[in-house]
Structures are given as structure tokens and as C-alpha cells.
Amino acid sequence: MEIRRMDCKGCSNGCPLTVTVEQQEVVDVTGNCCHRGIASAKAQLKSVQQQWQQPGRYSGRRNIFCSGCSNRCLLTVTVLDGVVHSLTGEGCRRGIISARKQLEK
């Protein structure tokens, strides 16, 4: 079982979601203000899984929220071929570990 943090894309509110994932399936979603949270979480998880299955793995820059502690700092992560290359943003030393857990699946 794994806990992931993401922002809901079901509407313009952008609620912060806490998503419980087990065997690459969404089990539970909390933090959403409406019923769209679970659909958004499933769609985002499927999108990430499809990116990782493509040859050459994901490269680029992404903004994520750190899940290393309860502060949820905003991090900008540069990923090259599916591996975290650089990390910027305010936060503590747990940021790089959090980024790797979220992006290097």
C-alpha cells in the first residue's frame, strides 16, 4: 500500500488529494470537496502509468508537492530518463527522497 499526494483536476478548485494506492489501483481518496476526486485520481494514476511504460521513460520538468512531511512544500523536479536529476524549491532534506518515491517508479 502506498500513499500519494496530488491535486484534483476535476474542477478549478484544485483540492489537495491524499490517495491510497494498492497494486497500482486507487483504493481511497481523501481531501476532495466533491465527488470528482476519485475520478481525477484514477485518471492521473493511469496517465503516470502510461508514461512509465513508454520506451525512453519520462524526461522533463515537473512541479510536485513534497510528501516527506506535513508541510507539503512545492518542488520543481527535473527528470532525465525517469531518474531525478535536479530538485529546486523550498523545503527540508526530505524533498529529494520524496521526489524519487513519487517519480522514479
Side-chain angles (χ1 to χ4, degrees):
M1 187 164 57
E2 173 184 2
I3 304 294
R4 294 189 185 191
R5 304 239 187 315
M6 58 182 70
D7 290 328
C8 183
K9 298 189 185 329
C11 67
S12 61
N13 288 340
C15 299
L17 302 177
T18 302
V19 182
T20 304
V21 178
E22 189 171 323
Q23 297 178 356
Q24 299 301 321
E25 294 292 327
V26 175
V27 177
D28 186 39
V29 177
T30 59
N32 51 316
C33 296
C34 67
H35 63 281
R36 297 180 186 134
I38 194 155
S40 176
K42 285 181 179 180
Q44 290 181 60
L45 183 65
K46 184 177 180 181
S47 173
V48 168
Q49 289 170 349
Q50 288 173 347
Q51 284 179 352
W52 295 127
Q53 291 172 358
Q54 294 175 356
R57 294 186 76 173
Y58 176 77
S59 292
R61 183 171 288 163
R62 292 186 56 186
N63 291 323
I64 63 171
F65 288 102
C66 178
S67 61
C69 66
S70 61
N71 290 338
R72 289 185 41 96
C73 299
L74 180 63
L75 306 173
T76 301
V77 182
T78 303
V79 179
L80 298 174
D81 292 325
V83 179
V84 174
H85 180 68
S86 68
L87 174 75
T88 59
E90 298 194 20
C92 62
R93 58 187 168 85
R94 298 179 194 157
I96 190 73
I97 296 167
S98 173
R100 285 185 176 146
K101 284 183 179 178
Q102 291 182 51
L103 300 174
E104 292 179 354
K105 298 288 178 192

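All residue numbers refer to positions in the sequence shown, counting from 1.
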Give the minimum heavy-atom separation between [X] and [Y], together with the two atoms involved.
X: V26; Y: I38; result: CG1-CG1, 4.3 Å
X: C66; Y: L75; result: CB-CD1, 3.6 Å
X: A41; Y: V29; result: CB-CG2, 3.9 Å
X: G37; Y: C8; result: CA-SG, 3.9 Å

Note to self: Is there a side-chain contact between R5 and L17 in this structure, where contact means two heavy atoms from C-beta onward sitting under 4.5 Å apart?
What the structure shows: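 No, side chains not in contact.
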Note to self: Is any side-chain heavy atom of V77 closer than 4.5 Å to one of I64?
What the structure shows: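 Yes; the side chains approach each other to less than 4.5 Å.
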Next item on the list: First locate atom OG1 of T18, then atom CE of M6, and finally report the distance between them rounded to the nearest 0.5 Å.
Entry: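 Going from the OG1 atom of T18 to the CE atom of M6 covers 10.0 Å.
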Check: With respect to S40, which candidate in Q44, K42, R36 satisfies the side-chain hydrogen bond (donor to acceptor under 3.5 Å, both in side chains) definition?
Finding: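 Of Q44, K42, R36, side-chain hydrogen bond (donor to acceptor under 3.5 Å, both in side chains) with S40 is met by Q44 alone.
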